[in-house]
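This is a predicted model, so every value here is computed, not measured.
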Amino acid sequence: MRKTPVPHDPADARPAAAPAGATAGTPRATATTARSGAETDPADAPPARPRRTAPGPWTVFALRRTGRLVVSLAALVTASFAMIHLIPGDPVRTALGPTADPALVEARRQALGLDRPVPQQFAHYLAELFQGRLGESIGAGLPVSDVIAARLPATLSLALPAFLVVVLTAVPGGMWAAVLTRDGRRRRGELAFGSVTGALAAVPEFLLAVALVASFAVALPLFPVASRGGPDSYVLPVVALSVVPAAALARIVRVETLRVLGEEYMRTAYAKRLPARLRYLRHALPNLLASSLTVGGLTLMALLTGTVLVENVFAWPGLGTTIVQAITEKDYPMVQAVVLVYGAAALLITFAVDVAVAVADPRSTVRGS
């Protein structure tokens with residue numbers, strides 16, 4: 001039986017519909033290839049933006065500490081300038097006395113620039129300060145900067161040796177007391193150490209200086225009573241300055257040493273039977289640096305301020321006697337300058353201590369900043 005042929009439909013000869021996503025009349029592979037070529041062409045790609053790298057922890061730490069130092073110095077300069085304007089009445093009249101000639105008072109006020117408006121005085125004060133000029137003394141008539149330059153070395157010659165004595169006695173003494181009294185041993189020694197250091201730390205430096213003069217310069221004439229002379233003239237002032245801070249620092253070092261001796265790495269050092277020199281100097285002492293440096297900076301600032309009283313007891317020609325004499329004579333420019341020097345020294349010591357602690361323990365200090 002013959003099959004009847006099916007008639008040919010012209011619609012069957014049309015091409016198949018393009019798949020989704022392809023352009024009509026264009027194969028899908030060609031469109032995909034064209035797109036991929038356009039994406040990978042370097043000439044048509046947009047320029048890469050430079051990556052912004054975040055500042056490192058040391059950079060952030062340095063910027064923050066420097067910013068705090070600058071702000072603190074600005075506040076100190078402003079306070080020292082405002083001090084002379086917060087005094088009731090006319091400071092020149094107070095310094096020269098109530099019977100001084102009005103023409104002399106007016107001339108002195110013009111010489112000090114006190115007849116100008118306060119903003120102009122402050123601008124002039126800053127300009128002079130940046131040039132190293134701190135004004136003129138009312139009583140002596142000399143530049144204040146010259147007087148401070150002549151008296152500052154005498155103060156440092158007391159403060160720095162006293163600081164060295166404090167560190168060399170308090171740190172070994174506190175560590176030695178901690179080693180002897182750790183784990184509750186030698187209760188009597190612990191009580192004696194705490195009692196002696198507590199009593200010495202509570203004695204005012206002024207009374208200690210007077211007692212040293214009465215004992216070792218008057219009753220037993222072993223050292224000079226006052227003034228700056230040979231090496232023996234430094235003994236009593238340095239001792240008077242260093243005893244109280246050394247006692248306070250020794251107590252702090254003992255507590256910190258007891259904490260360090262209880263750490264796991266110290267137990268490991270004991271288990272390895274390391275010599276005592278290695279255990280205490282290589283393992284214990286470096287871990288005391290952070291707290292010891294902080295307290296040491298505070299001690300140095302206390303020694304600088306403590307020279308004010310000690311210098312007056314021993315008639316030492318330093319900044320301490322200068323500021324007391326200036327207050328007595330109402331020489332306000334001199335008082336203003338000495339306060340500025342003491343304040344700037346305290347701020348710079350604090351800044352140096354922060355940097356030293358960051359170097360000794362960068363993980364906690366730098367990252368915490």
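Taking CG of Leu152 as the start and OG of Ser145 as the end, the distance is 12.0 Å to the nearest 0.5 Å. Between atom CG of residue Leu340 and atom CG of residue Leu129 there is a gap of 6.0 Å, rounded to the nearest 0.5 Å. With values rounded to the nearest 0.5 angstrom, Leu249 atom CG is found 5.0 Å from Thr299 atom OG1. Interatomic distance, Glu106 CD to Asp101 CG, rounded to the nearest 0.5 Å: 11.0 Å. Separating the OG1 atom in Thr307 from the CD atom in Glu205 is a distance of 9.0 Å, to the nearest 0.5 Å. Once rounded to the nearest 0.5 Å, the distance linking CG of Leu207 with CG of Leu309 reads 10.0 Å.
Side-chain contact between Met175 and Val253 is present, with heavy atoms from C-beta onward closer than 4.5 Å. Counting only heavy atoms from C-beta outward, the side chains of Ser157 and Arg228 approach each other to under 4.5 Å. Side-chain contact between Gln325 and Asp331 is absent, with no heavy atoms from C-beta onward closer than 4.5 Å. Using a 4.5 Å heavy-atom cutoff, the side chains of Val118 and Phe81 are in contact. With a 4.5 Å cut-off on side-chain heavy atoms, Phe314 and Leu236 count as touching. Here the side chains of Arg254 and Thr181 are in contact, with some heavy-atom distance below 4.5 Å. Looking only at side-chain heavy atoms (C-beta outward), Gln120 and His124 stay at 4.5 Å or farther from each other. Between Phe206 and Asn312 there is no side-chain heavy-atom pair separated by less than 4.5 Å.
A donor-acceptor contact shorter than 3.5 Å is absent between the side chain of Glu128 and the backbone of Leu134. A donor-acceptor pair under 3.5 Å is formed between the side chain of Thr155 and the backbone N or O of Leu319. Although no hydrogens or angles enter the test, the distance criterion places no donor-acceptor pair under 3.5 Å between the side chain of Glu136 and the main chain of Leu142. A donor-acceptor pair is defined here as one N or O able to donate and one able to accept, closer than 3.5 Å; no such pair exists between the side chain of Ser195 and the backbone of Ala192. Without hydrogens or angle criteria, Thr66 side chain to Leu63 main chain gives no donor-acceptor distance under 3.5 Å.
When all heavy atoms of Ala240 and Leu208 are compared, the closest pair comes out as O-CD2, 3.8 Å. In terms of heavy-atom proximity, Trp316 sits nearest to Ser233 at CZ3-O, 3.6 Å. Closest heavy-atom contact between Ala247 and Leu200: CB-CB, 3.8 Å. Counting all heavy atoms, side chain and backbone alike, Gln121 lies closest to Arg116 at NE2-O, 2.6 Å. Across all their heavy atoms, Val144 and Ser137 have their closest contact at CG2-N, 3.7 Å. In terms of heavy-atom proximity, Ala201 sits nearest to Val244 at O-CG1, 3.5 Å.
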ask   = Can you check side chain to side chain contact (heavy atoms under 4.5 Å, CB included) on Arg133 and Tyr125, steps first, answer last?
value = CA-CA 9 Å; Arg133 294 193 291 264; Tyr125 176 72; over 6 Å; no

task = Start with the C-alpha gap between Val203 and Val243, add the side-chain angles, then the distance that decides, and say whether side chain to side chain contact (heavy atoms under 4.5 Å, CB included) holds.
result = CA-CA 9 Å; Val203 177; Val243 167; over 6 Å; no

key: Working for side chain to side chain contact (heavy atoms under 4.5 Å, CB included), residues Leu158 and Glu311   = CA-CA 9 Å; Leu158 280 185; Glu311 285 181 4; 4.1 Å; yes

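Hydrophobic clustering keeps Leu180 apart from Leu258 (ILVMFWY residues linked when any side-chain heavy atoms are closer than 4.5 Å, directly or through intermediates). Cluster membership for Val324 and Ile327, using ILVMFWY side-chain heavy atoms within less than 4.5 angstrom, is shared. A single hydrophobic cluster is seen to contain both Val179 and Val196, as judged by linkage of ILVMFWY side chains at heavy-atom distances under 4.5 Å, directly or through other members. Note: the hydrophobic cluster containing Leu126 does not contain Val71 (ILVMFWY, side chain heavy atoms under 4.5 Å, direct or indirect links). Criterion: ILVMFWY side-chain heavy atoms under 4.5 Å apart, direct or through other members. Under it, Leu220 and Val213 are part of a common hydrophobic cluster.
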Distance-only donor-acceptor hits, side chain of residues 161-174, under 3.5 Å, sequence neighbours excluded:
| unit_1 | atom_1 | unit_2 | atom_2 | d |
| --- | --- | --- | --- | --- |
| Thr169 | OG1 | Val165 | O | 2.7 |
| Thr169 | OG1 | Val166 | O | 3.3 |

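In this model, a donor atom of one side chain and an acceptor atom of the other lie less than 3.5 Å apart for Thr197 and Arg251. Of the N and O atoms on the side chains of Thr322 and Arg151, at least one donor lies less than 3.5 Å from an acceptor on the other residue.
Phe193 has its ring centre no less than 6.0 Å from the ring centre of Trp176.
In this pair, Phe223 and Phe216 present their aromatic rings perpendicular. The plane angle is above 60°, beyond the 30 to 60° band.
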